[in-house]
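These notes are about the structure you will find just below.
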Amino acid sequence: MAKRPVDAQVSFPRLEEQVLVRWRERDVFRESLRRREAAQPWSFWEGPPTANGRPGVHHVLSRAFKDIFPRFRTMRGYYVERRGGWDTHGLPVEIAVEKKLGIKTKAEIEEYGIEAFNAQCRESVFEFLEDWNALTERIGFWLDLENAYRTLDASYVESVWWSLKQIADKGLLYEGHRVVPYCPRCGTALSSHEVALGYEDVEDPSVYVRFRVAQDGGPLQAGDELLIWTTTPWTLVSNAAVAVDPELVYVRAKTGTLEAPVVLAEALTEKVLGDPEHVQILDRFPGAALDGVRYEPPFSYLAADEYGERGHTVLLGDFVSADDGTGIVHTAIAFGEDDFRLGQQYGLNVVNPVRVDGTYDERVGSYEGRFVKDADQDLIEDLRRRGRLLRAESYEHSYPHCWRCSTPLLYYAKPSWYIATSRIRDELLAANEQVSWHPEHIKHGRFGDWLENNVDWALSRERYWGTPLPVWRCEQGHVTVIGSLDELEQRSGVRLRDPHRPFVDDVTFACDACGQSATRVPEVIDVWFDSGAMPFAQRHEPFAGEHAVEQLYPADFICEALDQTRGWFYSLLAVSTLLRGPQAPYRHVVCLGLILDDKAQKMSKSRGNVIAPADVIDRFGADALRWYFFTSKQPWDGYLFSPDAVGEGVRLFLRQLWNTYRVCAMYEPGESGEQTDLDRWIRSRLSATTTIVTERLDAYDATVAGRAIAEFVDDLSNWYVRRSRPRFWDGDAVALETLRHSLVTVAQLLAPFTPFIADEIYDNLDGGQPSVHLTDWPEAPARDEALEQAMAIARETVRLGLAARAAAKIKVRQPLHEAVVVAAGRERDAIERLGEVVREELNVKGLRFVSQADELGSYTLKPNYRTLGPRFGKAMPQVAAAVAGLDADHVAEALRDGRPVGIFIDGHDHTLDSDDLQVAMAPLAGYQLEREGSHAVALELAVDDDLRREGLAREIVHAVQLARRDAGLDISDRIVLTLDGDDLLLDAARLHESYLSGEVLAVAVRYSANGSDRVASIEGRELRISVAPA
RNA sequence: GGGCGAUUAGCUCAGUCGGUUAGAGCGCUUCUCUGAUAAGGAAGAGGUCCCAGGUUCGAAUCCUGGAUCGCCCA
């Protein structure tokens, strides 16, 4: 079979483009699916990205990992459907459109028109679709993009509605208040992600305020003063209660400067009141004793009874800390999450005198219309005037601001729709138990913790571009949740083609309960719910009726970046658990880390350190980038990325592989050949590699798998090919088939990693299938582990011998008589078996074995702590001392003969065998010896005339080879060689003429002065060389 | 402020059950090889295994505390 010639100067990026063409022509991806149609499915879910921006290198990372395991599983015989998907809704999309339109607020959006605005959103989410599709194909991510699901499709929205109705039917959907971070200028709540973007260090007031106790209660008397601390004086207007920790110790104390006793946490007394000398502790009691104590509010704009029974009393809270403040926490129900929860617990009413624009309303008297934060100083002054202030300072801390307009955010109680996920917390945890996380610590760490602390899912968003919340409500407050477009049509008579706002907003129907007109609530739902519904919504189930929703679960494999623990990983789990109970929605999750630049800086446009995928792919190729991601490190800890690091992988691995492949394609196999130990060795190594790669990929560990392939290719290139060159020149059929088989198998193992180069190699060296990706994963035949070990020992012997040569400064080209190898038992057998390899590599005529080091060095002994430690424990130092006292030569001899060695410890005799002692050699002076453990190689350095001539013959070969190259000859061209010059050199050439001719492919060697194209100097002697094509 | 993870050679990373000489690749220096040639081989320099305690006969590894970096959350 004629192979395509292989270009040594290959451009991988260009090669990959050619492979892509071949894949398209042969329809390989679809064919790979067709061939497995009847096979057992192995399911992968694509976490949908949003195509409203260009894909970056981090997208290549996740897409590489999303590709490798499905490819592997396909070759293993599974049917792996890989459907693409696009996330199309949500605030990020809206914000991008706002920017484009140059508008910032909801008022401006409504002025622009929701229909027009949403049309812009719809368009923008596919703005970079072509870039995404092109990159996906270019990096070899096999994904069905033609049938990609899209969260904005009516069918998708309908499935989402169906699932929400299921949840509502279980009584888990409710409207409630929650304190949310809110930008008063933009008029919208912010998601936690947005809040995280906007923390700024600011100075806020830090005030200590005295609340007068209204009537005797517990250990307190009317007139005592509760000390509270706050950094938001504007919320004091809405003070509803105070909270104390029931377990914490509080004191009633008298200070010199104040008339009335004050109350605060004991631990904070000095911090708040100063020098203990001037403080008199009147009483100590736990916080629980203060439960129910009534006090006078700091401001009286709002009537006390507005808050309910427990308004302006001391409550018990679990969030009170004794770290700062006073240990008594001012509670304003509408403006803090802890406050709000406590208020709910005690049944306090939510009273909010602040308008949505952040100003006080008419209930706050003269402050009406003022932005709350601007009122801080006047409120403090007011308190001071009325003798209610203890101290006012300022306080620097980080506080969230709107990331778009820098307005300080307010925490603000607002009604929104929730899913009561906290009620299924135990089910979520149980489902999580069945998931295999990679890395493992996510399960009970980041993700498990998050589930443990589950709070209800805030589902609604007061926005425009999203799946509309399918909740209709009549004026009586009766709520109807709609579960399908049909149901809506039946009730309203309206068939929605587009279920988005504003069209859905216009649909009304008569309420079942009271007959009054029901209209949709204005909110859309959190985009994360969209993606969490993807397992069934991508197929429009249950409406399509092809699969029961239950059968669509679980996925065998999903893979996203680590930040998805709170995102898609959670939404998938939550939606699944809400619908189908405590069963894992996915079996294996691979979490990927962040990509930083090579200085550990985050890539960002403002830093200008963003590396575009194309920058790397155009230079090194997609295989190179994939290989880097797979093998440079385990993926979850993140990458310090630089193009040069990708280039290193190309040089070290892809080029090495390519050159090995080139050698294979260069020679035509002849008829004959015999299998050698070297062949058996590389086949055994191949089998071992196949086993480990299979095992590691089964365990979702691409890193160790890939590195194992790299090690094999290194063995193949630097040992098998190097040692087999003469056989290749002869067209040895067995050697060439062994190399071909090795490379074809490597191509298969590599196919999931670097699909392009793998396919190119397969196609040229085998081609039995239209693509390597249509082959079945290779089996691992039986290994010959003894041979693998023997080769390792032989290679170690070579290494030692070469080191000895280097130390003696004798070139490898100069043959030597003998290498003396110290080795016994298995080691000696191994070296003898592979003696020819060792002799050739070391260029020695013979090997002599000595089993004792007596003539080359002396032994030293060391205890093997690993075996002796557990046995002797504390006595180990004595054991070490006893071993040191043994006669090493005797012990070595005894152990060699299999006799145990006795030592005396703590009055008892113990015996040690060869496992318990490590015998090493110490070199004697005057020998050229290299040693490693008990193994050593010494060289006989004497060079006689014969060796000298042989060495010279090799030098002549070297010189002639250089002449051949200078003459521009191809490596297989035959020549007529003419030599002239120094007699000793000519003598050496004549003596070794057949060797010389064979090496330089000379059909004839002449000795005459005729040709002297080139003059070489060998050890100071002159040689004139002429080469002519034969 | 809390949770999770990381910290090993100049750089990028391995390091198994705790075992006494902590490894690889790159880079650097020197040498070598020449039918893969922008490759291959050998040698060398290069380490406070982040720090401090603790457990242990023995700690890069286990425990506690701290530092720094990153992510997530407040």
Side-chain angles (χ1 to χ4, degrees), chain A residues 8-9 181 192-193 195-196 199 321 323-324 337-338 397-398 400 439 441-442 444-450 452-453 561-567 591 593-594 596 598 600-602 628 631-634 636-642 644-645 647-649 651-653 655-656 658-663 666-667 703-704 707 710-711 714 717-719 721-722 725-726 728-729 798-807 809-813 841 862-870 872-880 918 920 930 933 957-959 961-962 964-965 969-972 999-1001:
Chain A
Q9 304 302 318
S192 56
H193 171 70
V195 174
Y199 277 86
S321 107
D323 295 339
D324 48 23
E337 202 171 334
D338 291 331
H397 64 154
S398 75
H441 62 77
I442 302 287
H444 294 122
R446 190 173 284 222
F447 197 65
D449 283 348
W450 162 253
E452 289 278 0
N453 298 310
L562 208 54
D563 54 8
Q564 296 296 331
T565 39
R566 314 283 162 109
C591 301
L594 215 74
L596 306 173
D598 56 354
Q601 297 282 306
K602 217 168 167 171
Y628 166 81
T631 59
S632 70
K633 60 182 307 194
Q634 290 290 354
W636 30 81
D637 293 328
Y639 294 81
L640 299 183
F641 183 83
S642 73
D644 287 344
E648 186 176 312
R651 246 175 351 100
L652 290 177
F653 178 66
R655 287 267 161 206
Q656 185 183 44
W658 188 260
N659 282 327
T660 309
Y661 156 60
R662 194 165 75 93
V663 168
M666 210 150 41
Y667 301 100
T703 309
V704 170
R707 288 175 180 178
E711 258 177 66
D714 192 64
S717 168
N718 281 329
W719 198 246
V721 169
R722 191 155 73 84
R725 271 183 209 142
F728 298 152
W729 305 335
V798 169
R799 198 183 69 75
L800 292 172
L802 289 174
R805 267 188 178 273
K809 294 196 188 307
I810 296 185
K811 292 179 171 187
V812 181
R813 234 181 274 142
E841 286 290 321
K862 276 177 58 180
N864 181 0
Y865 284 87
R866 209 181 260 272
T867 60
L868 296 174
F872 289 98
K874 283 187 186 182
M876 270 313 288
Q878 292 153 265
V879 174
Q918 293 168 338
E930 291 294 324
V957 167
H958 179 208
Q961 299 289 23
L962 291 176
R964 280 182 60 111
R965 191 196 310 166
L969 295 170
D970 190 81
I971 51 165
S972 56
E999 289 296 306
V1000 304
L1001 303 184

Looking at every strand, decide which applies to A:Leu594 at a 4.0 Å heavy-atom threshold: base, sugar-phosphate, or nothing. sugar-phosphate
Base, sugar-phosphate or nothing for A:Pro726? Non-hydrogen atoms, less than 4.0 Å. nothing
Who does B:A52 pair with, Watson-Crick or G-U, both distances under 3.5 Å? B:U64
Any donor-acceptor N/O pair under 3.5 Å between B:C73 base and A:Arg566 side chain: no
Between B:C71 atom P and A:Leu562 atom CG, what is the distance in whole Å? 11 Å
Applying a 4.0 Å non-hydrogen cut-off, can you work out what A:Lys874 is touching in the nucleic acid: base, sugar-phosphate, or nothing? base
Scanning all shown strands, the Watson-Crick or wobble mate of B:A42 with both distances under 3.5 Å is B:U30
Nearest-Å distance, CD (A:Gln564) to C1' (B:C73)? 16 Å
Atom-pair distance (CG on A:Asp714; P on B:A39), nearest Å: 15 Å
Nearest-nucleotide check on RNA chain B, A:Gln634 vs A:Asp637; residue mapping nearer the 5' end is A:Asp637
Nearest 0.5 Å please: distance from the CH2 atom of A:Trp729 over to the CE atom of A:Met666. 10.5 Å
Between CE of A:Met876 and C1' of B:G58 the distance, given in whole Å, is 8 Å
When both hydrogen-bonding distances must be under 3.5 Å and the geometry is Watson-Crick or G-U wobble, what is B:G1 paired with, if anything? B:C73
Reading nucleotides 33-38 of chain B from the 5' end, what letters show protein touch, with B for base, S for backbone sugar-phosphate only, - for no heavy atom under 4.0 Å? SSBBS-
From CD of A:Glu841 across to P of B:A42 the rounded distance in Å is 10 Å
Evaluation steps, side chain to side chain contact (heavy atoms under 4.5 Å, CB included), between A:Trp450 and A:Thr565: CA-CA 8 Å; A:Trp450 162 253; A:Thr565 39; 5.9 Å; no
G-U wobble or Watson-Crick pairing nucleotide for B:U16 (cut-off 3.5 Å, both distances): none
When you measure from the side chain of A:Leu640, which nucleotide among B:C26, B:C13, B:C72 comes out closest? B:C13
Measure the distance from CG on A:Asp449 to C1' on B:C71 and round it to the nearest whole Å. 14 Å
Nearest-nucleotide wise, let me know which of A:Arg866 and A:Leu596 is further upstream toward the 5' end of RNA chain B. A:Arg866
